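Heads up, the thing below is written out as structure tokens.
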Amino acid sequence: ALAGDGLAADPKPFPGAPTKWQGLTRHDFKVGEYDATVVVPERPLAGRPWVWRGEFLGAFADCDAALVKAGWHLAYLKVPDLFGSPKAVKQWEAFHAAMLKDYGLHPKPGLIGLSRGGLYCLNWAAAHPDRTLAVYLDNAVCDFKSWPGGQLKKLGTGKGSEAEWKKLLAAYDFKSDDEAIAYKINPVDNLAPLAKAMIPLLLVYGDKDTVVPHAENSELVYDRYKALGGPVERVVKPGQDHHPHGLKDVTPVVKFFTEALEPKK
């Protein structure tokens, strides 16, 4: 690495006794007070690229495992119940700095936003487009009014969740429902920084999702991002609900990240 670019010239080994995850080497350790996980490829690609899972490490993780097998590191920071709030982004900043300075990973991670993980990934990308390679969204929450708000708060067509809405208010320090509803920087309303940086988006979603309705989330992001001139592609799963996530054949996801890393000359 070049001196002064914030990368470790001689990366430290990852702490934590190695365990196995899908036959791959996994390390669990703390970054600050939070639990972190990194799955290490047998043969890391040049530049040590990595994908960062927003939430639910290990759930519907075929693409994660395929990427590690292809030479990517996989990382996760456990900051649950923060819904991609500024508090979450702050913890992610500390984690990102450690991944670069201590472990020599690539300055721009690829982001994997599954379900509510979408809030983390899109809010990180909007705050730090210069530190984002590409974003893959899978039946992702892109507007917290849609979920956990939904029908419950008369904010969307999905079911919503009272318990999760209360946690969301706390995560963002909203004093009331009205304050949450007036919030102007939900991902669906804050795509311009990503489009300006030409960050590629890949959206995979079911068109019968009753939990995170596509018309209020993925489809809205697709239409708005396209209108902003951002690079976006999608795979729509006809008749599919919120589960199962992912694709049976994860080749398109691996290809998406690979092409973001190595733009065509």
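Here the structure is a predicted model, which is why all the values come from computation and not from measurement. Count residues from 1 along the sequence.
- For the pair K30/D35, a side-chain contact is recorded, criterion being any heavy-atom separation below 4.5 Å from C-beta on.
- By the criterion of side-chain heavy atoms lying less than 4.5 angstrom apart, applied directly or through intervening Ile, Leu, Val, Met, Phe, Trp or Tyr residues, Y222 is not grouped with V212; the two fall into different hydrophobic clusters.
- At a threshold of 4.5 Å between side-chain heavy atoms, the hydrophobic network of Ile, Leu, Val, Met, Phe, Trp and Tyr places V254 and L202 in one connected group.
- The shortest side-chain heavy-atom distance between L261 and L133 falls under the 4.5 Å cut-off.
- Here the CG atom belonging to D249 is positioned 11.5 Å from the SG atom belonging to C63, to the nearest 0.5 angstrom.
- Of all heavy-atom pairs between K237 and L247, the closest is CD-CD2, 4.3 Å.
- A donor-acceptor contact shorter than 3.5 Å is absent between the side chain of H242 and the backbone of V211.
- Put simply, CG on L57 and CG on D28 are 8.5 Å apart, with the number rounded to the nearest 0.5 Å.
- Judged by the 6.0 Å distance and 45° axis criteria, R53 is not positioned over the aromatic ring of Y76.
- I181 contributes atom CD1, which lies 10.5 Å from atom NZ of K154 (distance to the nearest 0.5 angstrom).
- With rounding to the nearest 0.5 Å, the separation of CZ in F144 from CZ in F83 is 10.5 Å.
- By the criterion of side-chain heavy atoms lying less than 4.5 angstrom apart, applied directly or through intervening Ile, Leu, Val, Met, Phe, Trp or Tyr residues, L194 is grouped together with L137 in one hydrophobic cluster.
- Here the rule is side-chain contact (heavy atoms from CB on, under 4.5 Å) with D143, and of L122, L155, V221, V188 only V188 fits it.
- Shown here for M198 and Y225, the closest heavy-atom pair between the two residues is C-OH, 4.5 Å.
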* To do: Let me see the working for L77 and Q91 under side chain to side chain contact (heavy atoms under 4.5 Å, CB included), right down to the final yes or no.
  => CA-CA 8 Å; L77 183 70; Q91 298 308 331; 4.1 Å; yes
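- Put simply, the side chain of Q151 gets close to the backbone of T157: a donor and an acceptor are under 3.5 Å apart.
- Taking the six-membered ring where the residue is Trp, the centroids of F14 and Y103 are separated by under 6.0 Å.
- A 4.5 Å side-chain heavy-atom check between E219 and R234 finds at least one atom pair inside the cut-off.
- Atoms NZ and CG, on K87 and D81 in that order, are 11.0 Å from each other to the nearest 0.5 Å.
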* To do: Carefully, step by step, assess D241 and K208 under the rule salt bridge (Lys or Arg N to Asp or Glu O under 4.0 Å).
  => CA-CA 5 Å; D241 200 347; K208 295 286 183 286; over 6 Å; no
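- Counting only heavy atoms from C-beta outward, the side chains of V89 and Y120 never approach each other to under 4.5 Å.
- We find that R116 and E164 are joined by a salt bridge, their nearest charged nitrogen and carboxylate oxygen being less than 4.0 Å apart.
- Taking the side chain as every heavy atom from C-beta outward, V40 and L24 never approach each other to under 4.5 Å.
- Between the CG atom of L67 and the CG atom of D62 there is a distance of 11.0 Å, given to the nearest 0.5 Å.
- Using the six-membered ring where Trp is involved, H243 and F60 have ring planes that are tilted, between 30° and 60° apart.
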* Residue pair V79, E55: steps toward the side chain to side chain contact (heavy atoms under 4.5 Å, CB included) verdict -> CA-CA 8 Å; V79 282; E55 249 314 346; 5.9 Å; no
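- Taken together through direct or relayed side-chain contacts under 4.5 Å among Ile, Leu, Val, Met, Phe, Trp and Tyr, Y34 and W50 form part of one hydrophobic cluster.
- Between the side chains of H245 and D138, at least one donor N or O sits under 3.5 Å from an acceptor N or O.
- For V135 against C121, the heavy-atom pair with the smallest separation is CG1-CB, 4.1 Å.
- Ring-plane geometry between H96 and W52 is classed as parallel, the angle between the planes falling under 30 degrees on a 0 to 90 degree scale with a further cut at 60.
- The hydrophobic clustering, which links ILVMFWY residues whose side-chain heavy atoms are closer than 4.5 Å, places L105 and W124 together.
- A donor-acceptor pair is defined here as one N or O able to donate and one able to accept, closer than 3.5 Å; such a pair exists between the side chain of H106 and the backbone of K108.
- Looking at every heavy atom in both residues, G84 comes nearest to N123 through O-ND2, 2.9 Å.
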* Asked: Passes side chain to side chain contact (heavy atoms under 4.5 Å, CB included), L114 versus N139? Steps please.
  -> CA-CA 6 Å; L114 184 111; N139 284 350; over 6 Å; no
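- Side-chain contact between D64 and V250 is absent, with no heavy-atom pair separated by less than 4.5 Å.
- Between H73 and P41 there is a side-chain heavy-atom pair separated by less than 4.5 Å.
- Considering all non-hydrogen atoms of both residues, D189 and K184 come closest at CB-O, 3.5 Å.
- Within the 4.5 Å cutoff, the side chain of P213 has no heavy atoms near those of the T210 side chain.
- Under 3.5 Å, the side chains of N217 and S146 contain a donor-acceptor pair of N or O atoms.
- For an aromatic pair to be called close, the ring centres must be under 6.0 Å apart, and Y183 with Y172 satisfies this.
- Taking each heavy atom of V31 and A94 in turn, the nearest pair found is CG1-O, 4.3 Å.
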* To do: Begin from the C-alpha positions of V51 and F257 and carry the test side chain to side chain contact (heavy atoms under 4.5 Å, CB included) through to its verdict.
  => CA-CA 9 Å; V51 282; F257 282 118; 4.1 Å; yes
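- Under 4.0 Å is where a charged nitrogen must lie from a carboxylate oxygen, and between K90 and E93 no such pair does.
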